[in-house]
Structure formats: structure tokens, C-alpha cells
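Letters A, B, ... mirror the listed sequences (proteins, then strands); counts begin at 1. Computed from heavy atoms alone, side chains included, the values below leave out hydrogens, waters and symmetry copies.
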There are 2 protein chains.
Amino acid sequence: MKRITIKDIAREMGLHHSTVSRALRSRSEINQATREKVLKYAALKGYQVNRNALQLRGSGSNIIGVIVPNIHHSFFSNFVSIITRLAFEAGYIVAVFQSEESVEQEKEILKSIIQQNIAGVIASISMETTDTSHFQQLDHYKIPMVGFDRISSSLKTSTVELDNLSTLRNVVTTLHSRGYTKIAYLSGNPSIHLYQERQKGYFGGLKAIGTSYQKCLQLTDKFTIEQGYHATEKLMEAPEKPDALIFDSHILACGGLQYLKKQGDRLLENTGIATFGGHPWLSISAANILFIQQPEDQIAKATFDLLMENIVHPTQVKTTALKFQATLI
Amino acid sequence: MKRITIKDIAREMGLHHSTVSRALRSRSEINQATREKVLKYAALKGYQVNRNALQLRGSGSNIIGVIVPNIHHSFFSNFVSIITRLAFEAGYIVAVFQSEESVEQEKEILKSIIQQNIAGVIASISMETTDTSHFQQLDHYKIPMVGFDRISSSLKTSTVELDNLSTLRNVVTTLHSRGYTKIAYLSGNPSIHLYQERQKGYFGGLKAIGTSYQKCLQLTDKFTIEQGYHATEKLMEAPEKPDALIFDSHILACGGLQYLKKQGDRLLENTGIATFGGHPWLSISAANILFIQQPEDQIAKATFDLLMENIVHPTQVKTTALKFQATLI
DNA sequence: CAACTTTATGCACACGTGTGCAAAAAATGT
DNA sequence: ACATTTTTTGCACACGTGTGCATAAAGTTG
């Protein structure tokens, strides 16, 4: 059976398709009696509008593109989940794209986004991305974009992120107040703004507590459990080993804790741990963990609202930059 | 700046748009010289095809819809991640929909899917869904669908799932071989085929090891950590308490382990634990856990391949039902 | 009841693309 | 050089929808 169209209804009811269109859309300009008849008949036949025709004609698209490195990461999956819910409530659907930390993939994604006539984009850029010029195609097609989490100063879009600097600063001082003095940090690639800020915060925190010990490992590849394991191993076997570890991701933390557990000797219990994400899974571990909790709901909501603002009012391109505070628990 | 179209190129090159179209698509029927000229000019101008026009005209859609209860669950996020990757490689993009375990939401999603002219659907139905008739609209619009994980026998689509019966059976016998005799099971709503099968497997396993002890708690709501906590509490405070627990989800397991850890008295170490998912997060815990690992890659790949088969050859509607074996580690 | 105003419907077009068909151009054969 | 075949291009239409404009119908006023 073929799809039922506005023209089918028109023919079967002895009307013109424009009349049917008006009956379904406008509420003036149309006889109330025929309107109701059409609505009834359309409902009966299970008519559903063809969005492709709508979009082709010029009504905006209702697809929002979300670009994340990979959706199989609880921070991003949670984020996408919330965005998807908000979008659906607002009458939009969400197309997910995974850059897999590759610029080439990112370029392909943008091509696809343009071909699909996507209404707006929410993106967290890949680790590999230093040149962000491919995102600027969006400008040309007037597709609004909001960056979140992994943002770049070279892109002058609205952005939403954690206040990474002050967060790391607080983590260090909090660990210090719990009695730890040799605080090491497993971080990411400083070419990414986010990690750069966090590292600044880390060093700022160390300065604030007045310690000379510092150990910041910069992992430039994609985070894996193995990486966390080996990086922790490396840190703990160094001449002056730390008594507390800060992980930039629960994935790294997982590897790190595996190492500590394996070493035995109450190393797991006696080492201070702080990590982004991972709560509540890690809370079962014997370790005493300081969780750095991002307000993911707020971040997602703010990101979505900013994008909507840009979609609905495409004229004023005020680029807002929002920062949220993390909670340490 | 407006979007550049095939007509723009035609006008600017003094050709007819149909010629440009042929230059971009077909490789016969066109002078190679003009073809190259057009390709070059199109590349220069950054021409991107308008998929809405394509779809309207009748070329199939390139959007695949994936319906899951919620994407913020590692099993589903991993699944969607793999599907998204496979789809993108095949030239498709993925739209994600979350039923949130609600039939009403599911109905809205199907409406949206039909309006969008989606090429095919991959779905895991919601817990609330007993009547699956809303999925049958898809038949009417000739939109192929493949069910996975949460499937229903009333839907005669192709399906991909774990061999749940034999898996649970194996879990029970494995726990028994490790010395546990009083094996309890925290399961889901038996109105869902998946959980029904697992429960059959559980009882089958008990029978095989020849024990009379049986304790199967059926949780009908959405799984939460709190639920896992309280259900475990309830089980462990029962007159004849179990010495091993099987969890149907790592979310329940997390709550359960939290309870066991809190009780102290080496309860965590001495209780046998088996759970779906959650590896490797839970592996840091002191508990000795038997992980029930689904071959998610294979499941996703098989699901995607089946859908593709149905999209490419819409005529033969052979409904395949695939089952995969879990690994216990 | 005629003249005018309001309301309701039909007509035609546009959006961007691909394709069957016809016409034009080029190539081939005699 | 002309007839025939092949290649290349142009034309027109379709896909489903909404809207400006014209026309028809209905309602209002004097």
C-alpha cells in the first residue's frame, strides 16, 4: 500500500489539495464544516504529513544533529539521552554522529549534515581536531551550532561547558584537606581547551595548597582502561610516588583502580582517588573516591535551549558562553 | 548565502539542470568532457545534494530509526554506537528514539518515523508494551523493521536476541559448580518474552543441579539502583537467605552490591554474584563476580545486516530469528 | 434587488532532483 | 555527400506540500 497524501484525500473527497492542506494547517480561511470533515477523514485514513515535502518546500527541518566522539561513554550517552528527550518534546528528532576522535570522520559527518538539511547542530569536537574550519561550512548554510564540553576558541559559536579550571582547583584543595599531599593527575591532550583548563586548575590548586609536588601525565590518545592501568602503573612506580590520583575520566579511573587493587597491600584503600564520572559504579569499590560530578542535566538543557534560540531566531547571533560548576561528593 | 543547487550550476554553466544531474550521477549517457567540467565546478562551489529532494522524488531515505527504552544504559548505548558506525559506513544516518518504557511514547515515535520517511527501524520494545499493534503501521508504509533484545512474538519481524534460556541455565549451573547452592534471581517483568525465557532458564538450571531452593523476584518497574538495593535487602532478610544472587542488569547489581557492602561482615566477598553487563566497572569491587557477557558486537552487526537485507530487497520478507550465546567470565 | 464586502475554494507555482522521451548533434558507414 | 546509427543534450513531468492570487460563493448593507 502506498503512502496516503493530501492529494489522495482531496480526490476522494472531491476537493482540491490546497483546500485539504488549509484544513489541516490554517484555522481561518476555511469553512469550519469542511475543515472538520477533512480532519475526520484524514484521521480515519491515518494520514501523516510527509516531512520531506515540507522541508523541500522551505519549512525548516526538524532534525537536530548531535556530534560526539562516541556515544558509548556514559557522559555522552547521558547527554544525548537528555537532548533526545528535550528535542522530542519540542517536536524535533535527533540524529547521532560519532566522530570517533577523527577529523576525517568529522568532515564526513558535516557533509552528511548539510545534505540532510539538518536544523541545528550540537557538537563536541574530536581530540584530533585542531583546525576547525570544516565546521564553518555550517555558517554558509545558516545551520546554527552550539558547542559543548570539548570546545574550541577558534569556533565562535555559543558554548556550554564545565568550569574546568575552578573544578580542578577545588579537587586539589579538597584532596589536600583530606590529608593527601602528593597529588598526581592523569589528564588529556592539552591541545584541547578543556584539558588545558583543567591542567591550569590543577597547577593553580597545587600552588594554593603550597606544595612543590606535581605530576601531570598527559594522555594524548583516546582514553581506554588499559591506558589508565598502565599510566597508573607508571606513576606508582616512579621514584617519588603520589598518595592521591586524579583521573580525567572514569575509564582511566577504572584502569587505575584495577592496577591498585592488583597490587594489593591496601594500596587501593590508602590512595586518594578523584575522578570525573563513574558514579555510582565505582562506589562499590573499596576505595574512598571523590567523585567530580558534572551537572549533566543542566548542561544538556542549557545546550539545547541555546540551540533552540538560534534556530527560532536565526537573526541575532549572540554567542553565549556558559560555564557550570561541578559538585564534589 | 543560499544553498547551491543543481539548477544554479546549470544556469551558471549554460547547461540544463538535467545535464548537470546526469553528470553528477550517471556515468554513461553523458559527454565525458562536460561531465568532468561539471564535477569540477560542483566541487569548487561545494555542491551538496539535497536529500529531501531525493527522498521526495522516490529514492529511498537514508535514515535508520533506532528505538530503545533509553540510550543511557551501557547495553543500549553500546548497541546504538555500533549500529551508528555500521550505518554511517553504509551511507545511512541514525535517528535515536527513546521509548522511556512507555507505550504512548512509542506510538508518538512511530508517528514521527512515518512522517520522516525513515528507511528502516531497529527496535527494542518498551516494558509497558503488551499490545504491539502500533508497530504494524510500519508494514503499511513498507518500512522494514528488525527487533532485538526486547522482542515480542506478536510481531512477525526478524529478530536478534540472546539465547536467554540457555544463558540463565548456564549461569545457574556455573554458580553451582563454584559451590553455591541457594541461588536467587532478581529478574524483570515476565510479560516480556526476554525475562520469561530467562526465568525458564533459571528454573531449568535449578532442576538440572537438583536443588529445591528457588527464589525469583520479578521486578516490574524500570530497573534502578535503589530497586536493586531494596530487592537485595528483601532477599537477604528472608528466612532462608540465598548464598548467590543473579542480577538481570548491572544497574540492579550495583544496588545489590551497595547493600551487601554496607552490611559488612564479609557478605560481599562471600556471596556469589552473577550479573548481566557492568564489566569492567564492577570488576574493581571486592566481590567475585560472574559476568554474563553478551556478544554485543555480533548482535548489533547481525541486527544491522538483517535490516539492510530488508531495505535492499523489500520483496522477500523472510523473517529470520537469530540467537546468540553469552559468555560467562 | 443591486451593489458591495466577506468568506471559501480552485488554480498555478515553487522547492530540488532524476528520468523517459524527443530533438539535436556528432559519429559512422556506404 | 548523404543516409543511418550513436551519443549527447534539452524538455517536461513527477514527487507532496503550502501559499499568493484569482475566482466563485455566500453574506451584508442600503
Side-chain angles (χ1 to χ4, degrees), chain A residues 1-39 41-42 45-63 91 111 114-119 141-142, chain B residues 1-39 41-42 45-63 91 111 114-119 141-142:
Chain A
M1 186 90 68
K2 255 186 52 63
R3 177 182 197 104
I4 177 156
T5 74
I6 223 174
K7 281 186 181 173
D8 296 332
I9 297 179
R11 184 168 17 80
E12 290 165 24
M13 296 185 73
L15 290 170
H16 197 263
H17 78 271
S18 61
T19 308
V20 178
S21 170
R22 267 185 278 255
L24 294 170
R25 307 278 151 254
S26 104
R27 56 186 56 254
S28 57
E29 259 197 325
I30 182 85
N31 185 305
Q32 283 307 311
T34 46
R35 173 154 201 265
E36 275 162 33
K37 256 189 277 180
V38 169
L39 285 177
Y41 191 76
K45 287 283 181 173
Y47 168 77
Q48 298 283 359
V49 74
N50 186 337
R51 278 248 138 81
N52 287 315
L54 276 190
Q55 287 174 221
L56 181 59
R57 214 192 152 273
S59 328
S61 151
N62 70 143
I63 306 182
K111 238 158 103 175
I114 290 166
Q115 293 186 354
Q116 291 290 343
N117 273 108
I118 275 178
Y141 290 96
K142 292 204 200 296
Chain B
M1 186 91 64
K2 254 186 54 62
R3 178 182 196 104
I4 175 155
T5 75
I6 222 173
K7 281 187 181 173
D8 296 332
I9 297 178
R11 185 167 17 79
E12 290 165 25
M13 297 185 71
L15 291 170
H16 197 263
H17 77 271
S18 62
T19 308
V20 178
S21 171
R22 268 186 277 256
L24 295 170
R25 307 279 151 253
S26 109
R27 57 187 56 253
S28 57
E29 259 197 326
I30 183 86
N31 186 305
Q32 283 306 313
T34 46
R35 174 155 200 262
E36 276 161 34
K37 256 188 278 180
V38 170
L39 285 178
Y41 191 76
K45 287 282 181 174
Y47 167 78
Q48 297 285 358
V49 73
N50 185 337
R51 278 248 139 80
N52 286 317
L54 278 191
Q55 286 174 223
L56 181 58
R57 215 194 151 270
S59 328
S61 149
N62 70 144
I63 306 182
K111 238 159 99 175
I114 290 167
Q115 293 186 355
Q116 290 291 342
N117 273 108
I118 274 178
Y141 290 96
K142 292 202 199 295

With a 4.5 Å heavy-atom cut-off, do B:D8 and B:Y47 have their side chains touching?
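Sidechains of B:Y47 and B:D8: no contact.
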Tell me, do A:R3 and B:K142 make a side-chain contact under 4.5 Å, heavy atoms counted?
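Of all side-chain heavy-atom pairs linking B:K142 with A:R3, none is under 4.5 Å.
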Rounded to the nearest angstrom, tell me the gap between atom [atom1] in [X] and atom [atom2] in [N].
X: A:M13; N: C:dG10; atom1: CE; atom2: C1'; value: 16 Å
X: B:Q55; N: C:dG18; atom1: CD; atom2: P; value: 12 Å
X: B:D8; N: C:dT17; atom1: CG; atom2: C1'; value: 13 Å
X: A:I6; N: D:dG16; atom1: CD1; atom2: C1'; value: 8 Å
X: B:Q115; N: D:dT17; atom1: CD; atom2: P; value: 10 Å
X: A:L24; N: D:dG18; atom1: CG; atom2: P; value: 7 Å
X: B:N52; N: D:dT17; atom1: CG; atom2: C1'; value: 12 Å

What distance do B:N50 atom CG and A:L56 atom CG have between them, rounded to the nearest 0.5 Å?
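Here the interatomic distance stands at 6.0 Å.
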If you measure from NZ on A:K111 to CD on A:Q116, what distance do you get to the nearest 0.5 Å?
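Result: 13.5 Å between the selected atoms.
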Output all residues satisfying side chain to side chain contact (heavy atoms under 4.5 Å, CB included) with A:L54, sequence neighbours left out; order by chain, then residue number.
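Partners of A:L54 under the side chain to side chain contact (heavy atoms under 4.5 Å, CB included) test: A:V49, A:R51, A:S59.
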Check whether the side chains of A:Q48 and B:Y141 place a donor and an acceptor atom closer than 3.5 Å, and report yes or no.
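Distance-only check fails for A:Q48 and B:Y141.
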Quick one, give me the B/S/- string for nucleotides 8-15 of chain D, reading 5' to 3', where B means a protein heavy atom under 4.0 Å from the base and S means that only happens at the primed atoms, P, OP1 or OP2.
SBBBB-BB
